[in-house]
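Basis for what follows: all heavy atoms, side chains included, without hydrogens, waters or symmetry-related copies. Keep in mind it's a predicted model, so treat the numbers as computed, not measured. This chain uses plain numbering: 1 for the first residue, then up along the sequence.
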Amino acid sequence: MNVKRFSYSALIAAVIVAGGFGLYKTVYADASTAAPGSTDDPIVTKSYVDQKIAELLGQGTGNGGSTGSGNGSSSGSAGEAENGQGDALEVVNVPFGKRIMVNGGGELVVRVGKAVAYTTDANGLSDLTAGADLTNGKPVPLNHLILFPRDGRGVEPDPNQKNGLTVLVRGGYRVE
């Protein structure tokens with residue numbers, strides 16, 4: 001019986017020692033990681049991160065240069081260069097009595113004034129916000145994204161108002 005008691009005591013002692021060692025490793029496991037700000041884990045400044053992000057974005061965009069910031073005041077003759085060839089939104093003022101003609105694939109948002117759709121054929125402009133087709137003479141709602149599927153379509157100020165329009169345009173356009 002003494003041998004059995006000694007065996008059980010030795011087994012219990014071995015479990016306690018193994019459990020203690022495991023507890024020791026668990027408690028002090030975080031001690032091996034580097035403290036923030038140390039030489040093993042340096043703190044990075046915001047300017048460094050911004051610089052690295054700018055370098056990464058600069059490599060991926062491949063900017064071929066902007067076409068300039070046209071003011072939307074071209075006369076609209078066929079021989080003149082068109083404004084707004086870039087991907088950025090451009091603010092354009094359309095005076096009363098003129099219209100803005102947007103190239104196919106261009107987008108427009110009316111910000112100020114009442115506008116009506118202008119098209120020479122039966123098809124119209126795509127109002128992506130409302131999911132509607134705007135045919136010639138229909139009002140263009142404020143702050144709606146309008147897509148111009150083809151050339152020869154545009155927007156003009158409502159004839160019942162005396163003010164022009166302020167619009168945001170992405171893509172090529174001309175004011176005529």
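Interatomic distance, Arg99 CZ to Arg174 CZ, rounded to the nearest 0.5 Å: 10.0 Å. With rounding to the nearest 0.5 angstrom, the CG atom of Asn143 is 8.5 Å from the CG atom of Leu168. Here the CD1-CD distance, from Ile100 to Glu156, works out to 12.0 Å after rounding to the nearest 0.5 Å. For the atom pair NZ (Lys98) and CD (Glu176), the distance works out to 9.0 Å, reported to the nearest 0.5 Å.
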Only pairs under 3.5 Å count here: list side-chain donor-acceptor contacts from residues 158-165, not counting sequence neighbours, and write none if there are none.
{"unit_1": "Asp158", "atom_1": "OD1", "unit_2": "Asn160", "atom_2": "N", "d": "3.0"}
{"unit_1": "Gln161", "atom_1": "OE1", "unit_2": "Lys114", "atom_2": "N", "d": "3.2"}
{"unit_1": "Gln161", "atom_1": "NE2", "unit_2": "Lys114", "atom_2": "O", "d": "3.1"}
{"unit_1": "Gln161", "atom_1": "NE2", "unit_2": "Asn163", "atom_2": "O", "d": "2.9"}

Show me the donor-acceptor pairs, under 3.5 Å and distance only, between side chains in residues 121-131 and residues at least two apart or in other chains.
{"unit_1": "Asp121", "atom_1": "OD1", "unit_2": "Thr119", "atom_2": "OG1", "d": "2.8"}
{"unit_1": "Asp121", "atom_1": "OD1", "unit_2": "Asn123", "atom_2": "N", "d": "3.4"}
{"unit_1": "Asp121", "atom_1": "OD2", "unit_2": "Arg153", "atom_2": "NH2", "d": "3.2"}
{"unit_1": "Asp127", "atom_1": "OD1", "unit_2": "Thr129", "atom_2": "N", "d": "3.1"}
{"unit_1": "Asp127", "atom_1": "OD1", "unit_2": "Ala130", "atom_2": "N", "d": "3.2"}
{"unit_1": "Asp127", "atom_1": "OD1", "unit_2": "His144", "atom_2": "ND1", "d": "3.1"}
{"unit_1": "Asp127", "atom_1": "OD2", "unit_2": "His144", "atom_2": "ND1", "d": "2.9"}
{"unit_1": "Thr129", "atom_1": "OG1", "unit_2": "Leu145", "atom_2": "N", "d": "2.9"}

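For Thr135, the side-chain hydrogen bond (donor to acceptor under 3.5 Å, both in side chains) test picks out no residue, with sequence neighbours left out. When the salt bridge (Lys or Arg N to Asp or Glu O under 4.0 Å) test is applied to Lys52, the partners found at least two apart in sequence or on another chain are Glu55. For Val17, there are no side-chain contact (heavy atoms from CB on, under 4.5 Å) partners, not counting sequence neighbours. For Arg150, there are no side-chain hydrogen bond (donor to acceptor under 3.5 Å, both in side chains) partners two or more places apart in sequence or in a different chain. With sequence neighbours excluded, the residues that form a side-chain hydrogen bond (donor to acceptor under 3.5 Å, both in side chains) with Ser47 are Thr45.
For the pair Gly154 and Phe148, the tightest heavy-atom approach, listed with the atom from each and the gap, is CA-CE2, 3.6 Å. A pairwise comparison of heavy atoms in Val175 and Pro95 identifies CG1-CD, 4.4 Å as the closest pair. Between Val116 and Val140, the shortest heavy-atom distance links the atoms C-CG2, 3.8 Å. Closest heavy-atom contact between Val102 and Glu107: CG1-N, 4.3 Å. The minimum heavy-atom distance linking Ala117 with Asn136 is given by the pair O-OD1, 3.2 Å.
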Checklist entry - Would Val94 and Val155 count as a side-chain contact (heavy atoms from CB on, under 4.5 Å) if you check the C-alpha gap in whole Å, the side-chain angles of each, and the deciding distance to 0.1 Å? => result CA-CA 9 Å; Val94 182; Val155 169; over 6 Å; no
Checklist entry - So Val169 and Leu89, side-chain contact (heavy atoms from CB on, under 4.5 Å) or not? Walk me through it. => result CA-CA 5 Å; Val169 182; Leu89 285 171; over 6 Å; no
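Counting Ile, Leu, Val, Met, Phe, Trp and Tyr side chains that sit under 4.5 Å apart, directly or through other members, Ile12 shares a hydrophobic cluster with Ile16.
One hydrophobic cluster, built from ILVMFWY side chains closer than 4.5 Å, cannot hold both Val91 and Val112; they sit in different ones.
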